[in-house]
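Each remark here refers to the structure printed beneath this line.
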Amino acid sequence: MAHRLRPVGLDFVETAPLRLVFAAGVSAPPDAVYRALADDVADWPSWFTAVTMARATEGGREVRLKGGTRFRESVLAADPGTRYAYRVDETNAPGLRALLEEWRLTATDSGTRVQWTFAADGPGALLAGIRLGRSGLGRAFRDAARKLDSRIAPATA
């Protein structure tokens with residue numbers, strides 16, 4: 001890995017210089033969505049297209065993205081059925097100072113509302129670039145939510 005990032009806590013999801021929040025509905029119940037996020041880490045590439053490899057590690061995860069970006073992460077919140085959050089500790093992505101992602105799950109009449117918050121810190125130019133890529137991140141999230149739902153909803157029906 002190229003460099004260590006600043007360790008941040010769960011409050012960073014509210015205080016980060018850059019916060020991107022996306023939400024989608026899925027028909028699977030919150031517990032099934034949580035299991036896919038937190039317990040079935042190795043299956044992420046099957047539903048989140050940007051992820052090429054994911055594996056659980058002691059207290060965290062290791063993730064690789066298309067294009068070669070790698071992350072070593074620490075899980076900060078693992079609240080079954082409601083929240084899964086992790087912080088990036090090490091990455092080969094240049095410029096990042098801190099990165100935390102939080103997945104919030106809320107039961108609805110038709111399944112689960114999934115909210116993904118991408119919270120980051122880095123130089124102004126990097127944050128501006130991420131802001132410019134917001135629509136692409138949103139598309140990737142919505143596509144992942146659809147694929148995840150089609151993957152787990154039949155198993156919960």
Side-chain angles (χ1 to χ4, degrees), residues 1 4-66 69-91 93 95-108 111-122 126-149 151-152:
M1 292 284 165
R4 290 195 61 76
L5 301 187
R6 183 176 85 244
V8 294
L10 288 170
D11 61 325
F12 188 69
V13 80
E14 299 296 332
T15 63
L18 174 68
R19 293 178 63 249
L20 301 178
V21 180
F22 306 97
V26 298
S27 60
D31 287 338
V33 177
Y34 178 84
R35 279 192 304 277
L37 292 171
D39 297 337
D40 301 331
V41 173
D43 288 341
W44 277 56
S46 68
W47 57 270
F48 208 124
T49 308
V51 177
T52 62
M53 187 281 297
R55 68 179 186 88
T57 61
E58 184 70 31
R61 311 171 346 144
E62 184 178 335
V63 176
R64 289 192 182 134
L65 304 180
K66 285 185 178 174
T69 303
R70 298 184 319 267
F71 300 115
R72 286 200 184 115
E73 305 167 338
S74 291
V75 173
L76 301 182
D79 305 323
T82 60
R83 177 171 65 163
Y84 184 61
Y86 44 88
R87 148 187 92 216
V88 173
D89 296 317
E90 296 179 38
T91 184
L96 276 176
R97 292 183 191 132
L99 177 60
L100 184 134
E101 296 180 40
E102 178 189 62
W103 297 77
R104 287 261 180 194
L105 310 175
T106 306
T108 65
T112 305
R113 179 180 186 270
V114 180
Q115 178 179 294
W116 176 50
T117 302
F118 180 94
D121 186 17
L126 175 68
L127 298 183
I130 295 171
R131 279 187 194 96
L132 286 173
R134 177 185 176 84
S135 64
L137 281 172
R139 243 186 333 276
F141 167 74
R142 288 186 301 277
D143 181 55
R146 271 192 307 277
K147 286 181 179 177
L148 177 63
D149 195 35
R151 187 173 170 79
I152 64 175

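- Between V88 and F71, the shortest heavy-atom contact is CG1-CD2, 3.5 Å.
- Of all heavy-atom pairs between A93 and T69, the closest is CB-CG2, 4.0 Å.
- Under the 4.0 Å criterion applied to side-chain N and carboxylate O atoms, R35 and D31 are not assigned as salt-bridge partners.
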Would you check, one step at a time, whether the test side-chain contact (heavy atoms from CB on, under 4.5 Å) holds for L100 with L76? CA-CA 9 Å; L100 184 134; L76 301 182; 3.4 Å; yes

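- Looking at every heavy atom in both residues, P29 comes nearest to T112 through C-OG1, 3.0 Å.
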I would like to know whether W116 and V114 meet side-chain contact (heavy atoms from CB on, under 4.5 Å); could you show each step before the answer? CA-CA 7 Å; W116 176 50; V114 180; 5.5 Å; no

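- At distances below 3.5 Å, not a single donor-acceptor pair connects side-chain atoms of R104 with backbone N or O atoms of Q115.
- Of the charged side-chain nitrogens involved, none lies within less than 4.0 Å of a carboxylate oxygen, so that E90 and R70 do not count as a salt-bridged pair.
- At distances below 3.5 Å, at least one donor-acceptor pair connects side-chain atoms of D89 with backbone N or O atoms of S74.
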Return a table of donor-acceptor pairs under 3.5 angstrom between the side chains of residues 50-59 and protein atoms on other chains or two or more places apart.
residue : atom : partner : partner atom : Å
T52     : OG1  : R64     : O            : 3.2
R55     : NE   : E62     : OE1          : 3.4
R55     : NH2  : E62     : OE1          : 2.8
T57     : OG1  : G60     : O            : 3.3
T57     : OG1  : R61     : N            : 3.2

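- Note: R19 CZ to E102 CD = 9.0 Å, rounded to the nearest 0.5 Å.
- Rounded to the nearest 0.5 Å, atoms CG (L20) and CZ (R131) are 8.0 Å apart.
- Under the 4.0 Å criterion applied to side-chain N and carboxylate O atoms, D149 and R146 are not assigned as salt-bridge partners.
- In terms of heavy atoms, A119 sits closest to F12 at O-CE2, 3.4 Å.
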Contacts under 3.5 angstrom, residues 78-85 side chains, donor-acceptor by atom type, not counting sequence neighbours:
residue : atom : partner : partner atom : Å
D79     : OD2  : R83     : NE           : 3.1
D79     : OD2  : R83     : NH2          : 3.2
T82     : OG1  : D79     : O            : 3.2

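- Distance check: L126 CG to L18 CG gives 8.5 Å after rounding to the nearest 0.5 Å.
- Note that CG of L137 is 8.0 Å distant from CD1 of I130, once rounded to the nearest 0.5 Å.
- The structure places CG of L37 at 11.5 Å from CG of D43, a figure rounded to the nearest 0.5 Å.
- In this structure, T117 has no side chain to side chain donor-acceptor pair (under 3.5 Å) partners at least two apart in sequence or on a different chain.
- Listed here is the closest heavy atom pair of A36 and I152: CB-CG2, 4.3 Å.
- Scanning both residues, F22 and G138, for their nearest heavy atoms gives CE2-CA, 3.4 Å.
- The shortest distance between side-chain heavy atoms of T49 and K66 falls below 4.5 Å.
- Side chains of V33 and V26 form a contact here, defined as non-hydrogen atoms less than 4.5 Å apart.
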